[in-house]
Amino acid sequence: MTPKVSLRGVNKSFGANTVLHDLTLDVSAGEVVSFIGASGSGKTTLLRCVNLLEQIDDGAVLLDGDEISAVGRDPNPIRRRVGIVFQSFNLFPHMSVLRNITLALTKVLGLSSGDADTRAAELLARFGLAEKASVYPDQLSGGQQQRVAIIRALAMQPEVLLLDEITSALDPELVGEVLDVVRELKGSGITLLIATHEMAFAREISDRVCFLHAGSVAEVGAPSQIFSEPQDERTQQFLRRVRSH
Amino acid sequence: MTPKVSLRGVNKSFGANTVLHDLTLDVSAGEVVSFIGASGSGKTTLLRCVNLLEQIDDGAVLLDGDEISAVGRDPNPIRRRVGIVFQSFNLFPHMSVLRNITLALTKVLGLSSGDADTRAAELLARFGLAEKASVYPDQLSGGQQQRVAIIRALAMQPEVLLLDEITSALDPELVGEVLDVVRELKGSGITLLIATHEMAFAREISDRVCFLHAGSVAEVGAPSQIFSEPQDERTQQFLRRVRSH
Amino acid sequence: GGGDSASDDTVAEEATEEVVEETATGTGNDCTAGKTLAEGKLTIATGNPAYEPWVVGDAPESKEGFEAAVAYGVAEEMGFSDENVVWVRTGFDEAIQPGAKNFDFNLQQFSITEERKANVTFSEPYYSTNQAIVGLADSAAAGATKVSEMRDLKFGAQAGTTSLDFITKVIQPNTEPFVYDDNAAAKAALEAKQVDAIVLDLPTALYVSAVEIEGSKVIGQFPLSDQVGADNFGMVFDLNNPLVECVNEAISRMRDLTYELISIEETWLSGYTGAPVISLD
Amino acid sequence: MVLVAVVLLVPRMPRWDRVKKSFFDVDQMRDSFPRLIDAFWLDVKIFAWTTPAIFVLALLIALARNSRSPALFPLRALAAAYTDVMRGVPVILWIYLVGFGVPGLGLERPYNSPLLWGSVALGMTYSGYVAEVFRAGIDSVHESQRAAARSLGLSSAQTMRFVVLPQAVRRVVPPLLNDLVSLQKDVALVSLIGPIEILRQAGIDKAKFANFTPYVVAALIFLAVTIPLTRLTDYLWQRERRRTSGTRVAA
Amino acid sequence: MVLVAVVLLVPRMPRWDRVKKSFFDVDQMRDSFPRLIDAFWLDVKIFAWTTPAIFVLALLIALARNSRSPALFPLRALAAAYTDVMRGVPVILWIYLVGFGVPGLGLERPYNSPLLWGSVALGMTYSGYVAEVFRAGIDSVHESQRAAARSLGLSSAQTMRFVVLPQAVRRVVPPLLNDLVSLQKDVALVSLIGPIEILRQAGIDKAKFANFTPYVVAALIFLAVTIPLTRLTDYLWQRERRRTSGTRVAA
Ligand SMILES: Nc1ncnc2c1ncn2[C@@H]1O[C@H](COP(=O)(O)OP(=O)(O)OP(=O)(O)O)[C@@H](O)[C@H]1O
Ligand SMILES: Nc1ncnc2c1ncn2[C@@H]1O[C@H](COP(=O)(O)OP(=O)(O)OP(=O)(O)O)[C@@H](O)[C@H]1O
Ligand SMILES: [Mg+2]
Ligand SMILES: [Mg+2]
């Protein structure tokens with residue numbers, strides 16, 4: 001079976017700083033893969049490459065076997081199928097919370113504004129934000145902003161969802177809520193690529209965990225294997241230092 | 001002994017939304033107090049009130065027994081003594097990382113630019129950012145930005161430091177580094193007020209943990225007491241739900 | 001009283017006219033046929049506003065004022081009755097723009113110069129005058145009798161007139177002159193003591209000093225000089241407009257045959273000629 | 001304070017009477033007012049039909065300059081050249097060139113109307129200015145906003161329309177008002193090629209009566225229109241900002 | 001394309017010769033050029049001494065409008081009134097009013113110089129415009145930037161100087177250039193009260209030769225100055241933006 005998302009020898013640098021280095025990885029449809037690794041190891045950049053927000057310097061990114069990173073490809077139909085939640089949320093400050101969520105529903109998916117509102121309201125309620133629907137992003141707490149960002153991406157029901165540190169501003173209770181949602185999504189066949197520094201979260205949610213080191217895949221495997229018996233020396237070292245505190 | 005920071009019946013609302021409700025708490029000099037509680041419970045707002053970034057509606061904030069929240073007080077000398085690390089980092093995008101850190105050192109503390117650079121370079125090295133000194137904030141990863149924000153506040157060597165979710169974008173390894181720094185700071189007599197949703201972090205670092213519920217202190221006590229035998233029903237409930245995942 | 005005398009003249013002339021044309025309808029003669037902007041009408045442009053003594057009260061239809069009277073005189077010579085004379089207003093720029101004009105001819109003290117002839121067509125001169133200077137009675141300019149005494153004065157002039165040329169070529173003051181759009185600005189500059197004197201054509205100078213600028217006087221008029229000849233006013237036509245020949249014929253008749261030009265000049269400008277002559281040394 | 005000093009001292013100046021008569025002559029005001037109001041109507045009309053055209057054109061140019069596809073380089077260069085030339089050449093010259101030049105090529109009435117071509121000249125110049133204002137606004141919206149919008153599948157046009165432009169325009173309301181206010185006054189330049197609008201009428205009256213009071217009256221008429229408009233816009237703008245923003249740092 | 005069409009078609013228009021002669025007469029150009037360049041020098045001088053004054057004044061006004069202390073309300077109101085009046089009244093009137101009016105109050109030479117007072121009038125008007133541009137820039141800097149700076153102990157003046165203004169000015173470079181370019185041209189209005197600068201010289205030549213070519217030459221001189229300047233500023237601006245910004249979304 002063709003992998004859902006496939007990275008083939010991807011290279012990406014910013015000036016002299018090589019961030020992704022010959023990175024190769026296949027993710028099957030319906031799989032949940034978490035990326036862990038030190039800050040600056042390239043997790044965010046990797047996700048942005050899958051979404052075509054970064055242009056790769058070399059290699060290829062494939063979606064359903066189709067080379068989406070080819071120069072001149074229209075990224076728009078692809079981005080409709082691949083959603084992302086940004087580490088920095090990137091909500092639209094001039095729109096209410098509700099409109100942040102419904103904008104793409106109506107303009108991209110073509111939902112009626114009534115349908116879009118309903119879908120948004122359901123998700124807002126689920127994440128405990130029902131009464132913040134008409135508020136503006138600058139008037140939300142950090143955790144509230146993060147939840148709106150998650151809802152905005154979820155509402156689009158993409159085939160592949162890229163989640164970048166989506167629990168960073170959430171209290172443990174809400175992390176649990178997100179876990180529940182992800183479990184549900186798994187049933188629906190969505191493919192998830194998750195960048196996270198919360199090991200417990202990665203362990204609990206993932207089918208496979210991928211340890212990034214200096215922009216390449218140092219080790220990838222089932223969570224139990226990675227966390228209990230890591231093979232790669234760098235993984236061992238990282239996890240050792242993580243645990244020593 | 002007069003408490004270092006003292007909140008007396010503080011009330012703060014945004015429009016109809018009451019965020020801090022008759023909040024009272026004393027923090028002694030050199031103490032580390034962590035604030036936990038659901039997203040939107042008012043942690044960030046509380047810290048901002050101590051720093052006079054929010055005007056309180058009622059009550060008083062005292063620093064060394066001095067009512068700093070009195071109308072018409074010049075907040076400037078107070079802010080020199082009270083530092084804050086923001087949940088959203090708030091780095092200055094038009095300045096290099098180095099300049100972000102040295103700006104207030106030279107302009108507020110009056111350090112020579114040589115001394116400021118030295119101080120900044122030491123901290124940057126300590127947090128693994130030595131080679132990012134001349135880079136701009138928009139070119140940093142999330143974790144890197146957060147570290148710069150921490151360094152910027154630390155470099156000012158304030159008497160009271162307010163830390164708002166300062167580990168949210170850090171990988172566990174760096175969280176350990178921050179823990180080390182905080183332990184060191186404790187020795188130097190600094191008073192720390194920390195808003196966090198990472199229970200392990202709060203447990204490990206704090207002298208006292210304060211559980212906020214709907215803008216008031218539901219329970220406050222030693223970490224062992226709060227996490228092992230919480231008295232207040234709402235605390236019990238929160239911790240139960242946190243653990244159930 | 002001026003208005004009456006002008007119309008008297010007209011009546012008298014019509015009665016004695018021997019040249020045969022179709023004055024019955026008053027819509028032009030053979031010469032003008034097919035050459036005017038609107039068939040059977042003569043469209044004449046003047047300034048906006050039009051100044052005295054050239055047009056009295058900014059109302060050329062009244063035939064009062066030198067240029068108004070000349071215009072009606074020419075119209076009549078060409079066989080247009082008064083009601084077929086149409087007045088329009090233009091600024092200087094509209095008079096010289098390359099596009100289709102909205103007038104047959106334009107008279108507002110345009111000086112005939114060689115340079116301009118490349119772009120517009122002029123009629124024969126209908127008036128010649130010389131330059132004069134106006135200053136406040138208590139100014140540094142008062143009492144000057146020769147050009148050599150004036151070199152340290154600060155001069156002003158109106159833009160688009162030959163007066164400016166006259167200042168730089170004949171008076172040659174030590175400081176650069178100032179230039180204004182109209183005599184309102186020149187007057188304000190005199191009052192603000194930014195300039196000591198302004199140079200204008202003599203009739204305008206006399207009118208301005210007598211009526212418009214309180215406390216000013218014509219300090220003197222300059223004799224016709226070799227460097228800058230007399231200021232000859234002509235009517236402006238679109239380049240190569242054939243109507244100019246009919247107008248020229250009318251003007252020469254008024255000048256040499258009927259002497260009407262002289263009488264109009266006496267009526268409207270006689271009060272505006274006397275001023276001491278300044279020596280060009 | 002300075003104001004008070006001016007109000008008290010100026011009338012004591014030795015020649016204040018003369019200046020007062022030149023600029024603030026009440027009879028002259030009464031006399032000129034009806035003519036000026038009449039002429040002002042033409043300003044309003046020219047303003048009313050050029051403004052929408054300017055905004056549309058300016059937006060198109062700003063968008064062209066903001067296009068990012070490498071293939072569109074010529075478009076960007078052309079748009080930059082357009083703004084440079086439109087701004088660089090004095091409005092007066094555009095008015096002469098287009099207002100006299102184009103009809104001068106042999107257009108017949110009514111297509112040679114100075115009103116028409118004068119307005120075209122104004123539209124050309126001002127679209128250059130307004131385009132730059134839009135561009136500044138567009139460029140000031142943080143890149144992450146585009147990233148977010150595009151990642152949701154919005155096309156680049158939709159991103160511009162729903163995400164970038166609304167934020168951009170909000171940021172440049174004051175400079176946009178600047179340009180509207182100066183357009184309102186540059187409408188007067190159309191009078192250079194014939195039509196008589198308020199400033200020309202004031203100029204005529206000034207020349208006729210050798211008195212600057214008509215200009216003062218014209219200025220008062222302008223003020224009577226612009227001040228309420230700018231105050232209202234400002235009020236709405238500030239309200240919108242307050243409504244959507246977080247806490248403002250008081251002191 | 002439109003351009004090509006214009007270039008090809010216009011010379012075929014029936015009266016193109018006339019228009020060409022009126023606006024693009026080569027001999028006339030050669031003849032006027034030295035005089036115009038001479039006169040342009042005055043424009044440059046006026047521009048050079050008014051610009052710094054305008055920037056300083058505009059900044060002060062923008063800061064006054066941006067003050068936040070409730071006690072400073074009168075200052076804010078005054079600053080708003082100042083911009084409203086300065087922008088609302090046509091530049092021409094300020095030039096007449098200040099240029100003739102103030103010296104008319106009884107000042108003696110050299111203090112009644114129209115150059116001096118004309119420049120003052122320009123400075124007054126333009127500081128109103130530029131202040132609004134600064135204000136837009138200042139207001140567009142996110143509140144969290146102030147919060148961060150103040151929390152570090154920077155005073156509100158320091159916050160403005162080191163954190164807010166640098167970001168603000170970067171955002172409004174194009175509208176600021178707009179205002180500089182139009183100031184450069186409005187310098188010409190000083191000629192209304194006497195001094196002969198380039199546009200007046202062009203007007204004199206125009207009247208003398210009944211030909212608009214001198215205006216075209218003047219425009220070319222303006223362009224020769226403004227285009228390199230705007231291109232350079234733009235280049236520096238874009239480079240600075242690229243240098244400090246993250247990834248730009250390509251398409
Ligand atoms: N400027 C504002 N205007 C209106 N409401 C605000 C504003 N700032 C905060 N709030 C509201 O105040 C409440 C508390 O916010 P606060 O940021 O203090 O929460 P928090 O405890 O820090 O949450 P989190 O853990 O998500 O960061 C939230 O409901 C938020 O929506
Ligand atoms: N636009 C950019 N220009 C220059 N360098 C960049 C840019 N974006 C990212 N980088 C650099 O690329 C490296 C990887 O960044 P990335 O954001 O992918 O890290 P990350 O693994 O997500 O880290 P974190 O856990 O801190 O979010 C970092 O060193 C960062 O400084
Ligand atoms: Mg990241
Ligand atoms: Mg918070």
Side-chain angles (χ1 to χ4, degrees), chain A residues 44 47-48 50-55 71-72 74-97 99-110 134-142 145 148-149 152-158 160-162 164, chain D residues 59 63 66-75 134 136-174 176 233-234 236-250:
Chain A
T44 298
L47 296 186
R48 286 173 62 98
V50 173
N51 203 20
L52 308 183
L53 285 174
E54 299 283 356
Q55 265 185 321
V71 244
D74 177 11
N76 241 29
I78 295 151
R79 291 199 185 119
R80 240 169 263 191
R81 298 162 57 197
V82 183
I84 187 167
V85 179
F86 293 92
Q87 191 168 7
S88 49
F89 318 151
N90 301 2
L91 298 178
F92 305 131
H94 62 300
M95 293 179 179
S96 69
V97 163
R99 184 102 176 100
N100 259 278
I101 299 166
T102 56
L103 176 71
L105 294 181
T106 52
K107 304 298 172 199
V108 178
L109 300 189
S134 60
V135 155
Y136 290 84
D138 275 348
Q139 297 160 349
L140 293 178
S141 80
Q145 290 185 25
V148 175
R152 187 172 65 175
L154 277 182
M156 295 294 290
Q157 303 178 337
V160 178
L161 190 51
L162 313 169
D164 197 359
Chain D
L59 198 56
L63 293 178
N66 242 281
S67 64
R68 292 182 170 193
S69 150
L72 292 180
F73 172 75
L75 185 67
F134 279 135
I138 291 171
D139 271 352
S140 79
V141 174
H142 198 273
E143 203 54 34
S144 63
Q145 290 288 313
R146 273 177 211 255
R150 297 307 305 276
S151 79
L152 286 167
L154 292 170
S155 68
S156 76
Q158 287 176 319
T159 298
M160 197 39 92
R161 166 135 182 245
F162 298 111
V163 176
V164 177
L165 269 186
Q167 297 186 57
V169 170
R170 255 161 254 223
R171 289 187 185 174
V172 294
V173 165
L176 279 182
T233 320
D234 223 57
L236 294 175
W237 183 58
Q238 296 280 6
R239 201 184 55 171
E240 172 67 12
R241 283 171 47 75
R242 290 253 159 69
R243 210 162 59 86
T244 57
S245 84
T247 301
R248 282 159 58 93
V249 183

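In the text below, chain A, chain B and the rest are named by the order of the sequence lines, each starting its count at 1.
Rounded to the nearest 0.5 Å, atoms CG (A/Asp138) and CZ (D/Arg248) are 12.5 Å apart. Rounding to the nearest 0.5 angstrom, the gap separating the CZ atom in A/Phe92 from the OG1 atom in D/Thr244 is 15.0 Å.
Between A/His94 and D/Pro166, the shortest heavy-atom contact is CD2-CB, 3.5 Å. Closest approach of D/Ser155 to A/Asn76, counting heavy atoms only: CA-ND2, 3.1 Å. For the residue pair D/Arg150 and A/Pro75, the shortest heavy atom distance occurs at NH2-CG, 4.1 Å.
Among A/Arg152, A/Arg99, A/Met95, the residue with the largest count of heavy-atom pairs under 4.5 Å with chain D is A/Arg152.
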Validation: residues 102-110 of chain A side-chain donor-acceptor distances under 3.5 Å, sequence neighbours left out:
residue	atom	partner	partner atom	Å
A/Thr102	OG1	A/Leu98	O	3.2
A/Thr106	OG1	A/Thr102	O	3.2
A/Thr106	OG1	A/Leu103	O	3.0

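Residue contact with chain D, scored on non-hydrogen atoms closer than 4.5 Å, is absent for A/Val85. Heavy atoms closer than 4.5 Å to chain D are found nowhere in A/Ile78, neither backbone nor side chain. With a 4.5 Å cut-off on non-hydrogen atoms, D/Gln145 touches chain A through its backbone and its side chain both. Contacts of D/Ala71 with chain A are absent, with no heavy-atom separation under 4.5 Å from either backbone or side chain.
Using a 4.5 Å heavy-atom cutoff, the side chains of A/Phe86 and D/Ser151 are in contact.
Qualifying salt bridge (Lys or Arg N to Asp or Glu O under 4.0 Å) partners for D/Arg243, counting only residues two or more places apart in sequence or in other chains: D/Glu240.
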